[in-house]
Amino acid sequence: LVMNCIIYRNVGADGAPVYGVRLDTTITGGGVFNTTIANIDNPDLVGSCIGLSITNNTAGYGVKNVIVMNVTTGGVGAATDFGFPGTAVDDANCLSEDATADDGGGSGHLINKTYASQFVSTTIGSEDFHLKTGADAIDTGVDLVTTPSGVQFDIDNRNRDALADVWDMGADEFVAAAAAARRDYLSLLGVG
């Protein structure tokens with residue numbers, strides 16, 4: 001089970017395939033939820049690169065509210081954001097820079113989106129994977145309520161379910177600055 005996390009900057013070598021997340025499983029009830037995977041790179045001249053790969057999945061592994069972007073290769077190997085070869089996934093509401101978010105079937109996917117348009121900063125050394133104002137991922141996720149346990153908490157421990165948020169894709173739940181400041185003020189008063 002992978003959820004509510006950021007997987008960033010996996011760089012490979014030696015011609016072997018590089019993955020952000022690779023699952024070869026038949027476990028029922030598992031999945032990848034509310035996760036952001038970015039900057040997965042295979043600079044080798046022959047190796048492939050996949051941001052999220054699930055194979056041999058006879059149990060319908062869940063993949064929901066996942067963002068995969070900036071997956072690159074330096075040579076002839078393929079670079080794809082999502083890879084579900086011959087696998088039945090229970091997927092919904094994923095976002096990719098290429099067209100592969102839609103490869104597993106499912107619904108609510110956003111494809112061919114721009115990496116820099118999603119996050120506060122994609123500059124190496126000063127990365128900030130909070131969603132920025134206007135990001136395509138805002139309010140486009142699927143509401144997972146509280147299953148699996150803990151799925152409702154984003155990377156800042158915001159409880160998307162308890163606060164009745166319209167869920168975003170990825171690890172961060174976007175909160176407009178004014179709303180966040182008001183909530184903090186109310187908390188100081190013992191209201192929120």
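Atom set for the values below is all heavy atoms of this structure, side chains included, hydrogens, waters and symmetry mates excluded. In this chain, numbering begins with 1 at the start of the sequence shown.
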Does a side-chain heavy-atom distance below 4.5 Å link [X] with [Y]?
X    : Y    : answer
R22  : S53  : yes
F174 : H130 : no
L95  : H109 : no
T36  : I7   : no
I37  : I6   : no
P17  : I50  : no
T140 : L110 : yes
K113 : Q118 : yes

How far apart are the closest heavy atoms of [X] and [Y], and which atoms are they?
X    : Y    : answer
S121 : S126 : OG-O, 2.8 Å
T80  : V71  : O-CG1, 3.4 Å
G12  : P43  : O-CD, 3.2 Å
A79  : T73  : CB-CG2, 3.7 Å
L23  : V21  : CG-CG1, 3.9 Å
N65  : G141 : OD1-CA, 3.1 Å

Rounded to the nearest 0.5 Å, what separates atom [atom1] in [X] from atom [atom2] in [Y]?
X    : Y    : atom1 : atom2 : answer
D98  : N112 : CG    : CG    : 7.0 Å
I40  : R9   : CD1   : CZ    : 10.0 Å
M3   : D154 : CE    : CG    : 12.5 Å
M169 : I138 : CE    : CD1   : 11.5 Å

| request: Go through F82 and I111 one step at a time and tell me if the side-chain contact (heavy atoms from CB on, under 4.5 Å) criterion holds. | output: CA-CA 11 Å; F82 290 83; I111 62 172; over 6 Å; no

| said: What verdict does the side-chain contact (heavy atoms from CB on, under 4.5 Å) test give for E97 and N70, after you've listed the backbone C-alpha separation in whole Å, the side-chain angles of each residue and the deciding distance to 0.1 Å? | reply: CA-CA 7 Å; E97 196 168 17; N70 202 34; 4.1 Å; yes

| request: Could you give me the CA-CA distance, side-chain angles and deciding distance for E173 and R158, then say whether salt bridge (Lys or Arg N to Asp or Glu O under 4.0 Å) is met? | output: CA-CA 7 Å; E173 183 68 25; R158 181 176 176 82; 5.5 Å; no

Under 3.5 Å, sequence neighbours excluded: what are the donor-acceptor pairs made by side chains of residues 143-151?
| from | atom 1 | to | atom 2 | distance (Å) |
| --- | --- | --- | --- | --- |
| D143 | OD1 | V145 | N | 2.8 |
| D143 | OD1 | W167 | NE1 | 3.4 |

| task | Name the orientation class of the two ring planes belonging to F129 and F119 (parallel below 30°, tilted from 30 to 60°, perpendicular beyond 60°). | result | perpendicular

| Is a side-chain donor or acceptor of N42 paired with a backbone partner of C49 at a separation under 3.5 angstrom? | no

| message | Quick one, Y19 with L52, criterion side-chain contact (heavy atoms from CB on, under 4.5 Å). Give me CA distance, side-chain angles, the key distance, then yes/no. | response | CA-CA 7 Å; Y19 303 93; L52 172 59; over 6 Å; no

| request: For the pair F153 and D161, evaluate side-chain contact (heavy atoms from CB on, under 4.5 Å) and give the outcome as yes or no after the intermediate values. | output: CA-CA 8 Å; F153 296 102; D161 186 60; over 6 Å; no

| query | Is it true that the side chains of T100 and D81 contain a donor and an acceptor less than 3.5 Å apart? | reply | no

| Quick one: do the N4 and N34 side chains pair a donor with an acceptor below 3.5 Å? | yes

Please check if [X] and [Y] belong to a single hydrophobic cluster, counting links between Ile, Leu, Val, Met, Phe, Trp and Tyr side chain heavy atoms closer than 4.5 Å.
X    : Y    : value
V2   : V63  : yes
V120 : I155 : no
I67  : I54  : no
L131 : V175 : no
F33  : M69  : no

| request: May I have all residue pairs that pass salt bridge (charged side-chain N to carboxylate O under 4.0 Å, His left out) and include part of residues 61-77, sequence neighbours excluded? | output: K64-D90

| query | Does the pair N39 and Y115 meet the rule for a side-chain hydrogen bond (donor to acceptor under 3.5 Å, both in side chains), with working shown? | reply | CA-CA 10 Å; N39 283 25; Y115 178 53; 2.6 Å; yes

